[in-house]
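Have a look at the structure below, then the notes.
From a predicted model like this one, the values you see are computed outputs, not experimental measurements. All values below come from the heavy atoms of this structure, side chains included, with hydrogens, waters and symmetry mates left out. Numbering of residues begins at 1 and proceeds along the displayed sequence.
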Amino acid sequence: MDFPLCNISCGDGVWAGQNCTFGQHLHCLAVNVTDHSNTSSLTMGQDRGKYDFYIGLGLAISSSIFIGGSFILKKKGLLRLARKGSMRAGQGGHAYLKEWLWWAGLLSMGAGEAANFAAYAFAPATLVTPLGALSVLVSAVLSSYFLTERLNLHGKLGCLLSILGSTTMVIHAPQEEEISSLEDMAQKLVDPGFFIFATIVIIVALIFIFVVGPRHGQTNILVYITICSVIGALSVSCVKGLGIGIKEAIAGKNVVKNPLAWILLLGLVACVSTQINYLNKALDIFNTSLVTPIYYVFFTTSVLTCSAILFKEWGHMGTDDVIGTLSGFLTIIVGIFLLHAFKDVSVSLASLAVSMRKEERAFPAANGMGSHSTYELLHNESIEDMEDREMGLPFDSVSRRNGAMTSSLDH
């Protein structure tokens, strides 16, 4: 009599493919080899995705540190040249090419941009792009220590809010890898949703360049910034694709023969050239303290929208993560606004304390028990004295600060 083959694992040592005899007390466990293999592959993919996420996060943060520090190094080099009496860069001089601090700043800028480029290959654009605000924070903090530029109360609050907003976005950012090859990127690019989005972006950019720009570009700050921002969404997509291609090339794949790699490279050159051109125009015409925060808001919003359409990043996120990401982004916006819009206002905790003490002293006088005429006279005098002192203190402080700056430049 033939006994059936067991395709189960038995507790008495009978394994798949062996004969089972009747009467054995079997403790059997059915094993699905296919499901186990799929589960292992899924777990390995998730681990690799988290690993890449943290690599991208580290590259994005290091990029902000390098770029923020580059401004300080360049400024230090230019100030050294000014003290030596060399012709300044604003006057057409090129003496900075002989200053090692300026070259150190240029190399730091290059390292930061390279790290930012690489970050897009590992982490979602929803995470990398907003963290670019940290470079502004790093530059503001370092300038207060190494360039003796005072960081007022609004600036300190702005730095704190930027850190809180960035932390919130890191916690709630999507950690899944959207694409892993140029073939995946090609499928994303031909998606109808992205095709419609890219068409709208190009049409809007051309209208602003050839119609709106010549008429209102010199008077409206939003014109040139809008051009840079909408084109920036496409440039980030090109950077993301090229970063994936570089990862494939390092892994040994031949991406040079892939036409998509060259299309992305040419698209990146065209987009970046357009951004630099119109951003320089905006900076040349309008105040930097206004251009920087507005450009950050417009550019980041465009990139987040493009990423949501192209890479479907928001499809992997829960409602709480979406709310957290948007809240972190808005917090960074407020922080950048405080850091730039009020940087020339002399406000500190000490000045707030003085103002509070003045108000406390004025309050009893306003509620005195004297006659009506005496009350009006004393009240008007106290208000005039307070206004004189409040107007005089900032003027004196500004005068002393300007004098100190003038003397330092003279020496």
Side-chain angles (χ1 to χ4, degrees), residues 42 44-64 67 112-135 162 165-189 191 193-194 197-198 201 229-230 232-248 264 267-268 271 296-333:
L42 180 61
M44 292 176 61
Q46 290 177 346
D47 292 339
R48 186 185 67 177
K50 291 182 179 180
Y51 182 70
D52 288 347
F53 174 84
Y54 290 117
I55 291 178
L57 175 61
L59 289 171
I61 295 176
S62 62
S63 170
S64 298
I67 293 176
E113 293 295 344
N116 187 65
F117 182 91
Y120 282 104
F122 293 94
T126 303
L127 172 70
V128 177
T129 303
L131 288 182
L134 293 179
S135 62
S162 298
S166 301
T167 304
T168 303
M169 293 202 70
V170 170
I171 294 173
H172 294 282
Q175 298 189 12
E176 291 81 3
E177 187 177 8
E178 312 90 352
I179 54 176
S180 57
S181 64
L182 287 178
E183 287 75 15
D184 295 338
M185 185 69 181
Q187 294 178 0
K188 297 285 187 181
L189 291 176
D191 184 78
F194 177 74
F197 173 80
V201 165
S229 301
V230 296
L234 300 181
S235 67
V236 168
S237 301
C238 295
V239 168
K240 182 74 175 180
L242 287 175
I244 296 297
I246 292 174
K247 285 178 63 178
E248 287 190 302
L264 292 174
L268 178 62
C271 291
Y296 171 80
V297 174
F298 277 46
F299 173 72
T300 308
T301 302
S302 299
V303 172
L304 293 180
T305 305
C306 181
S307 299
I309 297 174
L310 178 60
F311 303 119
K312 307 295 189 297
E313 294 176 348
W314 300 79
H316 303 291
M317 300 169 62
T319 304
D320 55 341
D321 290 330
V322 172
I323 295 175
T325 300
L326 294 177
S327 299
F329 177 49
L330 293 176
T331 304
I332 295 176
I333 291 175

Could you tell me which non-hydrogen atom of [X] sits nearest to which non-hydrogen atom of [Y], and how far apart they are?
X    : Y    : value
A121 : I244 : O-CD1, 3.7 Å
G241 : L182 : O-CD2, 3.5 Å
F311 : M185 : CE2-SD, 4.0 Å
L131 : S64  : O-OG, 3.0 Å
F299 : G232 : CE1-CA, 3.5 Å
P130 : T300 : CG-CG2, 3.9 Å

Is the shortest heavy-atom distance from the side chain of [X] to the side chain of [Y] under 4.5 Å?
X    : Y    : answer
F197 : T305 : yes
K188 : F194 : no
Y120 : T129 : yes
L127 : V170 : yes
V239 : L268 : yes
S63  : F117 : no
L134 : S166 : yes
L59  : N116 : no

What's the spacing between [X] [atom1] and [Y] [atom2] if we round to 0.5 Å?
X    : Y    : atom1 : atom2 : answer
L234 : S302 : CG    : OG    : 9.5 Å
S327 : I332 : OG    : CD1   : 11.0 Å
I61  : L57  : CD1   : CG    : 4.0 Å
S181 : Q187 : OG    : CD    : 7.5 Å
T168 : D321 : OG1   : CG    : 11.5 Å

- [ ] Look at the side chain of S307 and the backbone N and O of L304, then say whether any donor-acceptor pair between them is shorter than 3.5 Å.
- [x] no
Task: Test: K247 cationic atom under 6.0 Å from F122 six-membered ring centre, within 45° of axis - done: yes
